[in-house]
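All remarks here apply to the structure that follows.
The analysis underlying the following values was restricted to heavy atoms, covering all of them including side chains, and did not include hydrogens, waters or symmetry mates.
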Amino acid sequence: MLMPTLLRILTVIIVLIPFGAQPAFAGADSQWLQAIGPWPWSFPRDHGSHPDFRTEWWYFTGNLIDEQGKRYGYQLTFFRQGIQPHPDTDNPWSVRDLFFAHFTITDVAEDRFDVADSISRAGP
């Protein structure tokens with residue numbers, strides 16, 4: 001089930017390289033904050049995105065029971081992956097972040113597992 005997601009990620013990387021995204025993959029890690037040590041939590045700031053960090057995600061998981069008593073499990077995850085901490089603002093095709101969404105649902109009675117995912121970026 002992960003294969004479609006991996007293929008999409010590889011496709012995006014291959015497509016972005018001609019548009020100048022390669023510096024993000026070669027030594028730009030030092031330009032991102034590192035998630036090490038204690039973090040001074042502050043809300044509402046920490047409810048949302050932290051663009052100074054390269055990777056973050058938000059996920060929702062749960063269990064549901066319908067009116068007939070059938071059980072379901074689900075997971076919805078959103079990912080933000082930083083590509084360039086300081087993209088070229090004069091170039092509308094310059095990519096700062098990629099956004100991924102991944103959704104799964106399990107129908108326990110039917111022994112069925114379904115998955116869907118999507119990838120996006122800001123741009124013109």
Side-chain angles (χ1 to χ4, degrees):
M1 291 294 176
L2 292 177
M3 189 57 69
T5 301
L6 293 175
L7 288 175
R8 286 183 183 184
I9 292 169
L10 289 174
T11 301
V12 167
I13 291 170
I14 290 167
V15 168
L16 290 178
I17 288 174
F19 291 104
Q22 65 268 33
F25 301 106
D29 283 340
S30 63
Q31 298 178 31
W32 302 93
L33 290 181
Q34 299 291 311
I36 54 175
W39 177 261
W41 295 101
S42 177
F43 296 100
R45 176 197 73 186
D46 288 315
H47 283 304
S49 182
H50 301 84
D52 293 333
F53 292 90
R54 184 169 206 161
T55 304
E56 62 183 332
W57 60 92
W58 305 265
Y59 57 93
F60 306 91
T61 59
N63 295 286
L64 304 170
I65 300 176
D66 70 11
E67 294 172 350
Q68 289 76 37
K70 288 179 61 178
R71 298 179 329 163
Y72 303 89
Y74 69 89
Q75 179 175 344
L76 173 62
T77 309
F78 298 100
F79 301 89
R80 183 192 58 77
Q81 177 66 41
I83 299 299
Q84 296 182 77
H86 309 289
D88 178 4
T89 56
D90 294 331
N91 180 354
W93 290 101
S94 187
V95 176
R96 186 194 188 288
D97 297 304
L98 295 177
F99 301 95
F100 304 88
H102 184 75
F103 179 73
T104 64
I105 189 161
T106 301
D107 182 336
V108 177
E110 298 293 326
D111 194 28
R112 183 175 166 181
F113 179 79
D114 291 304
V115 61
D117 52 33
S118 182
I119 186 170
S120 183
R121 67 181 271 300

Exercise. How about W58 and S49: do any of their side-chain heavy atoms sit closer than 4.5 Å?
Worked result: yes

Problem set entry | Atom pair CG/CZ of L33 and F53 - distance to nearest 0.5 Å | 4.5 Å

Problem set entry | For the student: nearest non-hydrogen atoms of R96 and P85, plus distance | NE-O, 3.8 Å

For this session: Report the distance from atom CZ of F78 to atom CZ of F103, rounding to the nearest 0.5 Å.
Result: 10.0 Å

Exercise. So how far is it from I65 CD1 to N63 CG, rounded to the nearest 0.5 Å?
Worked result: 8.0 Å

For this session: Using the rule that two of Ile, Leu, Val, Met, Phe, Trp, Tyr join whenever any of their side-chain heavy atoms come within less than 4.5 Å, decide whether F79 and Y59 are in one cluster.
Result: yes

Exercise. How long is the span from the CD atom in Q84 to the CH2 atom in W32, to the nearest 0.5 Å?
Worked result: 8.5 Å

Exercise. Excluding sequence neighbours, so at least two apart, what forms side-chain hydrogen bond (donor to acceptor under 3.5 Å, both in side chains) with W39?
Worked result: D46

Seminar exercise, completed: Interatomic distance, CD@Q34 vs CZ@R54, rounded to 0.5 Å, equals 10.0 Å

Exercise. For H47, which residues count as a ring pair (Phe, Tyr, Trp, His ring centres under 6.0 Å) partner, sequence neighbours excluded?
Worked result: F43

Exercise. For T106, what residues pass the side-chain hydrogen bond (donor to acceptor under 3.5 Å, both in side chains) criterion, not counting sequence neighbours?
Worked result: none

For this session: Could you tell me the separation between the OH atom of Y74 and the CD1 atom of I105, rounded to the nearest 0.5 Å?
Result: 9.5 Å

For this session: Measure across P38 and P40 and return the closest heavy-atom pair with its distance rounded to 0.1 Å.
Result: O-CD, 4.1 Å

Exercise. Quick check: are there more than 12 heavy atoms from other residues, nucleotides or ligands sitting under 6.0 Å from CG of D66?
Worked result: yes

Exercise. Does D107 have any salt bridge (Lys or Arg N to Asp or Glu O under 4.0 Å) partners at least two apart in sequence or in another chain, and if so, which?
Worked result: K70

Exercise. Side-chain contact, heavy-atom cut-off 4.5 Å: V115 with H102?
Worked result: yes

Problem set entry | Set of salt bridge (Lys or Arg N to Asp or Glu O under 4.0 Å) partners for R112, sequence neighbours left out | D114

Exercise. Do Q81 and T55 have a side chain donor and acceptor closer than 3.5 Å?
Worked result: yes

For this session: Output all residues satisfying salt bridge (Lys or Arg N to Asp or Glu O under 4.0 Å) with R80, sequence neighbours left out; order by chain, then residue number.
Result: E56, D97

